[in-house]
**Student:** 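Input: one structure, supplied below.
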Amino acid sequence: MRKIAAHYIFPSTEKPIKNGIITLDDSGKILDITQSNENLLEVAGLEFYSGILVPGFVNTHCHLELSHLKGKVREHTGLPGFVSQINQIRKADDSEILDALKKADADMCHNGIVAVADISNTRNSFEAKSNSKIIYHTLLEIFTTNPDFVERNFEMAKKHENELKTLGLSSSIVPHAPYSVTPAMFKLIYNHAFENKQLISIHNQECASENELYQSKSGELYDTFVKLGINFDPIPLSGKNSLESIMVQLPKSTKTILVHNTFSQKEDILKASRYFENLYWCMCPNANLYIENSLPDIPLFQVLKQNITIGTDSLASNKQLSILEELKTINRNFPQITVYELIRWATLNGAEALDLSQQIGSFEIGKTPGVNLIKQFDLQNFKFRPESNLKRLI
Ligand SMILES: [Zn+2]
């Protein structure tokens with residue numbers, strides 16, 4: 001049994017508790033949470049830490065299999081430039097790919113991440129995920145505008161789904177983005193997700209020219225992809241923004257994570273939140289700065305009372321896989337959002353999106369959420385400092 005205390009405990013379900021004490025059993029299950037009125041140093045067997053304690057983080061968007069691309073992609077090229085670079089450099093030796101993704105998994109664990117929604121286009125990361133301490137949900141992502149590949153690629157995804165099942169891992173089959181999946185493929189994905197009540201995740205409005213593609217079949221994304229040989233003929237021109245164009249091709253009742261949302265406007269947010277019944281907006285601010293050098297209007301999502309979660313994206317577009325670093329970026333750019341809110345997005349909201357909130361996501365009796373200590377936290381102003389860092393205690 002351990003008794004752990006700090007200046008503040010952030011349970012995620014309620015406001016921070018000053019001088020709180022968490023009691024856990026040997027498996028990390030929470031037995032009790034109390035506020036100490038007495039001198040903390042006099043509580044028998046107590047470990048006291050300077051800083052704040054938060055539950056284990058949930059990363060709702062990652063691509064573990066791209067970890068070998070760390071530091072290899074030029075910054076600020078915009079999404080079309082990013083995708084063409086990835087196409088050129090993605091291939092590597094198996095051993096290089098596997099070593100890099102195993103290291104990335106270990107780093108995430110060290111960085112206090114306890115659960116991840118991870119994209120797979122290949123089966124490269126399956127074994128590492130099955131051997132990890134982290135709880136993984138794999139998003140088997142489909143990316144093709146070629147009508148001839150619809151059946152073949154969907155069957156491949158189903159094969160991967162079965163393989164993951166034998167490894168004891170959960171998964172779902174998801175579309176990459178509005179512009180990279182044909183209506184016929186959306187239909188297969190819709191039926192499969194609806195029948196199996198599977199989580200859907202899709203990259204959304206990551207660059208401004210994604211909307212242009214649907215409005216007028218023009219723009220930088222369209223031009224770049226056509227040059228790469230991608231045929232957009234099967235993608236219907238709608239005259240509307242991309243999200244509005246495709247959302248009805250996804251089931252409204254299953255949980256849905258829209259990822260990035262860098263160029264989502266108020267109307268997009270309202271229309272999507274009216275359509276989807278269980279909607280989450282995943283923010284990956286450091287990847288947005290890396291690729292597009294811009295950020296989503298995160299306070300607008302908050303004002304519109306949307307469920308927000310946090311993702312790291314991959315090491316192709318980020319310098320580290322650390323939820324704390326994502327939160328520091330949001331805190332620095334949008335100081336009006338409280339750290340209390342940020343912690344809830346990075347823990348409980350993510351756990352709810354991945355159907356794991358019975359187990360993790362908050363400090364509540366009976367849960368095994370993991371315990372992270374954030375040191376060098378500005379306790380006077382309740383803000384992260386640039387030097388704030390994390391030690392995983394459990
Ligand atoms: Zn991504």
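The structure presented is a predicted model; accordingly, all values stated were derived computationally and were not measured. Both ligands and their constituent atoms are indexed starting at 1 by order of listing.
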**Student:** Treating N111 as the side-chain partner and D107 as the backbone partner, does any N or O pair qualify as donor plus acceptor under 3.5 Å?
**Tutor:**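 Yes; judged by distance alone, with no hydrogens or angles, the pair exists.
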
**Student:** May I ask you to check whether Y179 and H176 place their ring centres under 6.0 Å from each other?
**Tutor:**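 They qualify: ring centres under 6.0 Å apart.
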
**Student:** Test salt bridge (charged side-chain N to carboxylate O under 4.0 Å, His left out) on E47 and K391 and set out the steps.
**Tutor:** CA-CA 14 Å; E47 302 167 43; K391 184 177 169 48; over 6 Å; no

**Student:** Hey, is there an N, O or S on H203 sitting under 2.8 Å from the Zn ion (ligand 1)?
**Tutor:**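 Coordinating: yes.
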
**Student:** Evaluate the criterion salt bridge (charged side-chain N to carboxylate O under 4.0 Å, His left out) for residue pair R90 and E65; output intermediate values, then yes/no.
**Tutor:** CA-CA 10 Å; R90 184 171 181 157; E65 66 187 13; 2.9 Å; yes

**Student:** At a threshold of 2.8 Å, where the distance has to be below it, does the Zn ion (ligand 1) have an N, O or S atom of C62 nearby?
**Tutor:**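 Looking at C62, which is the residue asked about, there is no N, O or S atom under 2.8 Å from the Zn ion (ligand 1).
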
**Student:** Is H63 close enough that one of its N/O/S atoms sits under 2.8 Å from the Zn ion (ligand 1)?
**Tutor:**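 Of the N, O and S atoms in H63, at least one lies under 2.8 Å from the Zn ion (ligand 1), which means yes.
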
